[in-house]
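The next block holds one structure in the form of structure tokens; read it before the comments.
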Amino acid sequence: MSKRKLSRQQRWRIEKIQAERAARATRHDVQEEELLTAGDYGAEQPGRVMAHFGRTLDVRPDADDESIRCHLRANLDGLVTGDRVIWRGRTDTEGRIVEGVVVARGERDNVLERPDARGQLKPVAANIDQILIVFAVEPEPHPNLIDRYLVAAEATGITPVLVLNKVDLLPDGGGELMALLQRYAALGYPVVATTTASEDGLASLLSRLAGRTSVFVGQSGVGKSSLIDRLLPDEGLRIGDLSKDSRKGTHTTTTARLYRLPRAEGAELIDSPGIREFGLGHLTEQQVTEGFVEFRPYLGQCRFRDCRHRQEPGCALLAAVEREEIHPERFASYRRILDSLEVS
């Protein structure tokens, strides 16, 4: 279907609306700068972005638990949840801070980026200590899906942690799923088993969360919202049930925010639907290859510099698979990921 052309009057109206919005934003920036210059805002102090709403943010002062609604200074842009910032507050006649303005952004330890609708990478969260990849006994996890999440996490440079949820549904002895987890643990990945079905089912997870800023990722239905609901009982996140027909979950959470977790000391959680679902379409073949941690000692050792690790003679990865130094199922998973990216 061809794109409908706008009439001259329609184009004029659109341009007029855009100009009015730009003018309002400029006036607001000028007024804010005048207030800053006049000293109506207090001293600079550190804080952290709890949520982001366009040109306004919720900032939690380092010295307080109560968030302050702040505006962005005109020369600042690109802030995301988790950013450390410098802000100044404006008080009312009783000395209470009623609003603030963010005047600077601190250095980032890291930034989590996701592709937008146009495929361009866009920052969505910053200063994260670990990515918790949640999967469950039900719906049954596939090793290739776990590998895809691990590759995506490795590309961010943020520590990935595997979280097996609903362990109360495991058969005696753990079955094949526990054997699979042991394989990942042997690669150096932290593995946490958890369940919301018992009072002490979150003990290992809480220990892992303590003192860290985390994000949860994983496919729908694995219990991310249920876990977060238990970790944040006062927030009341909406929980979706598994479809009785497909045993797959439904999407539930819609708002991005940073939370302090009361049940684990020093623990924080950045939760966002844009973070929860990971894709690999923005990664290069080299990034995918490096995302398999056990491949790294062999990279650069192939006979040919442009080896793609398929059937080339002298391939160091293929030789490692033959020597059982790389698990054949992991290598097959790697090939499936690359093949899927070529198709897409």
Side-chain angles (χ1 to χ4, degrees), residues 50-51 80-82 112 114 124-125 128-153 156 158-170 177 180-181 184 189-198 200-210 212-244 246-264 267-280:
M50 303 290 287
V80 295
T81 300
L112 183 60
R114 308 303 309 141
V124 293
I128 300 163
D129 295 310
Q130 58 185 1
I131 296 175
L132 275 64
I133 303 168
V134 183
F135 56 105
V137 179
E138 193 180 89
E140 181 181 357
H142 298 287
N144 183 250
L145 180 64
I146 297 174
D147 291 338
R148 294 178 73 91
Y149 276 105
L150 285 173
V151 168
T156 68
I158 303 169
T159 301
V161 178
L162 294 177
V163 178
L164 176 61
N165 193 23
K166 308 181 185 180
V167 291
D168 54 293
L169 301 179
L170 279 173
L177 187 52
L180 176 65
L181 282 183
Y184 287 111
Y189 288 115
V191 176
V192 176
T194 189
T195 178
T196 59
S198 62
D200 60 348
L202 299 181
S204 297
L205 178 61
L206 290 169
S207 177
R208 183 69 206 185
L209 292 169
R212 299 180 175 97
T213 298
S214 309
V215 298
F216 283 72
V217 302
Q219 68 178 139
S220 298
V222 296
K224 298 185 299 294
S225 291
S226 297
L227 287 174
I228 296 170
D229 188 64
R230 287 287 297 273
L231 295 169
L232 294 166
D234 296 333
E235 297 296 335
L237 294 179
R238 190 160 49 87
I239 300 174
D241 294 328
L242 287 175
S243 164
K244 293 182 179 179
S246 65
R247 305 305 292 167
K248 294 181 180 179
T250 56
H251 296 278
T252 55
T253 310
T254 57
T255 304
R257 181 171 286 273
L258 186 148
Y259 302 93
R260 275 186 172 169
L261 303 180
R263 298 183 61 183
E268 295 179 319
L269 167 69
I270 297 178
D271 185 51
S272 164
I275 297 174
R276 290 186 180 193
E277 297 296 332
F278 263 31
L280 301 179

Would you call [X] and [Y] a side-chain contact if the rule is heavy atoms closer than 4.5 Å?
X	Y	result
Thr81	Val124	no
Leu232	Asp271	no
Phe135	Leu145	no
Thr156	Ile128	no
Leu180	Pro143	yes
Asp147	Tyr184	yes

Please report the C-alpha distance between Leu209 and Leu231 in whole Å, then the side-chain angles of each, then the deciding distance to 0.1 Å, and finally whether the side-chain contact (heavy atoms from CB on, under 4.5 Å) criterion is met. CA-CA 10 Å; Leu209 292 169; Leu231 295 169; 3.8 Å; yes
Once you round to the nearest 0.5 Å, how far does [atom1] of [X] lie from [atom2] of [Y]?
X	Y	atom1	atom2	value
Leu202	Arg263	CG	CZ	5.5 Å
Asp229	Thr196	CG	OG1	9.0 Å
His142	Gln219	NE2	CD	7.5 Å
Asp129	Thr213	CG	OG1	5.0 Å
Arg230	Leu261	CZ	CG	13.5 Å
Ile270	Leu112	CD1	CG	8.5 Å

If we check side chain to side chain contact (heavy atoms under 4.5 Å, CB included) with Ile133, which of these qualifies: Val222, Val163, Val217?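 Result for side chain to side chain contact (heavy atoms under 4.5 Å, CB included) with Ile133: Val217.
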So which atom in [X] and which in [Y] form the shortest heavy-atom distance, rounded to 0.1 Å?
X	Y	answer
Ser207	Arg212	O-NH1, 4.1 Å
Leu258	Gly82	CD1-CA, 3.9 Å
Pro160	Pro190	O-CD, 3.5 Å
Leu206	Ala264	O-CB, 3.6 Å

Ignoring hydrogens and angles, tell me if any N or O in the side chain of [X] forms a donor-acceptor pair with the backbone of [Y] under 3.5 Å.
X	Y	result
Tyr149	Leu162	no
Lys166	Glu138	yes
Lys224	Gly218	yes
Thr195	Asn165	no

Checking Gln130 against Ser214: is there a side-chain donor and acceptor pair closer than 3.5 Å?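 Note: Ser214 and Gln130 side chains meet the donor-acceptor criterion.
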